[in-house]
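Keep in mind that this is a model prediction, so the values were computed, not measured. In the text below, chain A, chain B and the rest are named by the order of the sequence lines, each starting its count at 1.
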2 protein chains.
Amino acid sequence: MNSLNRSGLKNTKARAAILKILQQSNRPLSAEEIYDGLVKCNIHVNASTVYRALTALCDKKLIGKTNVTGDKKSFFEYNAKGHRHYLICSECKKIITIERCPLRAYEKMLELETNFTISGHKLSIYGSCPECKDK
Amino acid sequence: MNSLNRSGLKNTKARAAILKILQQSNRPLSAEEIYDGLVKCNIHVNASTVYRALTALCDKKLIGKTNVTGDKKSFFEYNAKGHRHYLICSECKKIITIERCPLRAYEKMLELETNFTISGHKLSIYGSCPECKDK
DNA sequence: AATACAAACGCAAGTCATTTGCGTTTGTAT
DNA sequence: ATACAAACGCAAATGACTTGCGTTTGTATT
Ligand SMILES: [Mn+2]
Ligand SMILES: [Mn+2]
Ligand SMILES: [Zn+2]
Ligand SMILES: [Zn+2]
């Protein structure tokens with residue numbers, strides 16, 4: 001009995017490998033990068049299978065989906081990692097994950113001001129990484 | 001001599017109207033909403049003209065582009081309005097603009113920690129608006 | 001181990017926002 | 001008034017997914 005079965009999903013080699021790939025990554029990965037990772041593991045599945053697997057894993061909250069680079073690509077990450085922020089290099093698109101969150105108090109204030117019920121936030125910080133900023 | 005000409009762009013009715021529509025909006029608008037706004041002004045242009053105009057206006061920094069709802073649609077806003085954040089209703093996709101920014105000090109700390117040169121950030125807060133949260 | 005069946009898959013076609021090629025029109029400088 | 005790069009209209013192309021459908025497979029049951 002693994003985490004897939006526990007979530008009511010069938011244990012397929014693609015899904016298990018996707019989870020492992022995301023677990024071992026220290027940054028969010030695009031569907032394409034995940035697809036490439038599978039190929040490197042000699043797991044050859046259709047792209048639609050990758051997308052369907054990612055959707056299922058998101059629905060079951062085993063992974064998280066985010067959209068951080070500003071273009072139309074989504075990114076995915078293993079989801080035992082809690083609340084995160086990202087620092088993105090605008091040139092090379094490198095993504096650094098940041099653990100600290102300075103916004104809890106700010107959210108509370110906003111709830112009072114706007115009468116919204118706030119469920120969360122996304123914060124992405126942009127800049128030039130040490131390697132790119134010298135060029 | 002208007003802001004379009006000053007930026008080296010030709011002054012066309014579509015571009016002038018797009019600027020006015022965005023100036024008068026209190027929230028970011030999608031390309032589609034802008035297109036609809038033009039139609040209401042009796043300005044009938046091709047959708048590709050709208051996209052090309054938005055790209056040109058972004059390049060010249062007369063407007064800003066953002067991607068806030070998580071889906072593949074982009075939003076645009078008039079760009080004399082400074083740094084902003086958004087509060088988005090996850091149900092009806094309503095967007096509230098927020099002026100206050102609590103992150104200046106946080107950015108400074110991050111620069112020291114990561115050695116990035118930080119150029120900015122995007123903060124979007126998600127929740128349920130007063131109208132949607134009762135349903 | 002064999003059976004049964006919903007879930008998952010492969011493949012091809014479809015979607016949707018946006019982009020692009022190309023021939024024609026137009027804003028602006030001369 | 002003329003010239004011409006810039007902008008436009010239109011149709012086709014893109015890219016990241018999504019979906020319909022017929023076939024295969026993981027898992028529960030005999
Ligand atoms: Mn946070
Ligand atoms: Mn801010
Ligand atoms: Zn970089
Ligand atoms: Zn709402």
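Put simply, OG1 on B/T114 and CE on B/M109 are 10.5 Å apart, with the number rounded to the nearest 0.5 Å. Taking SG of B/C101 as the start and NE2 of B/H121 as the end, the distance is 3.5 Å to the nearest 0.5 Å.
Rounded to whole Å, the distance from CG on A/D59 to P on C/dA8 is 11 Å. Between the NZ atom of B/K73 and the P atom of C/dT15 there is a distance of 17 Å, rounded to whole Å. As a whole-Å value, the separation of B/R15 CZ from C/dT28 P is 9 Å. For B/L9 and C/dT28, the CG to P distance is 10 Å, given to the nearest whole Å. Here C/dT18 presents its C1' atom at 14 Å from CZ of B/F75, a figure rounded to the nearest Å. When rounded to the nearest whole Å, the span between CG of B/N11 and C1' of C/dA29 equals 15 Å. Atom NE2 in B/H44 sits about 17 Å away from atom C1' in D/dC10, given to the nearest Å. Rounded to an integer number of Å, the gap from CG of A/N67 to P of C/dA17 is 15 Å.
Note on B/A31: only backbone sugar-phosphate atoms sit closer than 4.0 angstrom, heavy atoms only; bases stay farther off. Looking at heavy-atom distances under 4.0 Å, A/R52 makes contact with a base.
Judged by the 6.0 Å distance and 45° axis criteria, B/K122 is positioned over the aromatic ring of A/Y126.
Across every strand in view, C/dG14 sits in a pair with D/dC17 that passes the Watson-Crick or G-U test at under 3.5 angstrom. In this entry D/dA28 has C/dT3 as its Watson-Crick or G-U wobble partner, both defining distances falling under 3.5 Å. Pairing of D/dC10, defined by two Watson-Crick or G-U wobble distances under 3.5 Å, is identified with C/dG21.
Of the side-chain N and O atoms in A/T12, one or more sit less than 4.0 angstrom from OP1 or OP2 of C/dC9. Residue B/S74 has a polar side-chain atom (N or O) positioned under 4.0 Å from OP1 or OP2 of C/dT18. In terms of phosphate contacts, A/S48 brings no side-chain nitrogen or oxygen within less than 4.0 Å of OP1 or OP2 of C/dC9.
When the nearest nucleotides of DNA chain C are assigned to B/M1 and B/S30 by heavy-atom distance, the more 5′-ward of the two goes with B/S30. Where A/K72 and B/N46 each meet DNA chain D at their nearest nucleotide, the meeting point lying more 5' is that of B/N46.
For a distance-only test at 3.5 Å, the side chain of B/K10 qualifies as a donor-acceptor partner of the base of D/dA6.
Residues B/N79 and B/L62 have side chains not in contact (no heavy-atom distance under 4.5 Å, counting atoms from C-beta outward). With a 4.5 Å cut-off on side-chain heavy atoms, A/F76 and A/L22 count as touching.
Closest to the side chain of A/A14, from the set D/dC8, C/dA17, C/dC9, is C/dC9. Closest approach to the B/Y51 side chain among C/dA8, D/dA7, C/dT19 is made by C/dT19 (side chain taken as heavy atoms from C-beta onward).
Remark: B/K13 NZ is loosely packed, at most 12 non-hydrogen atoms of other residues, nucleotides or ligands lying under 6.0 Å away.
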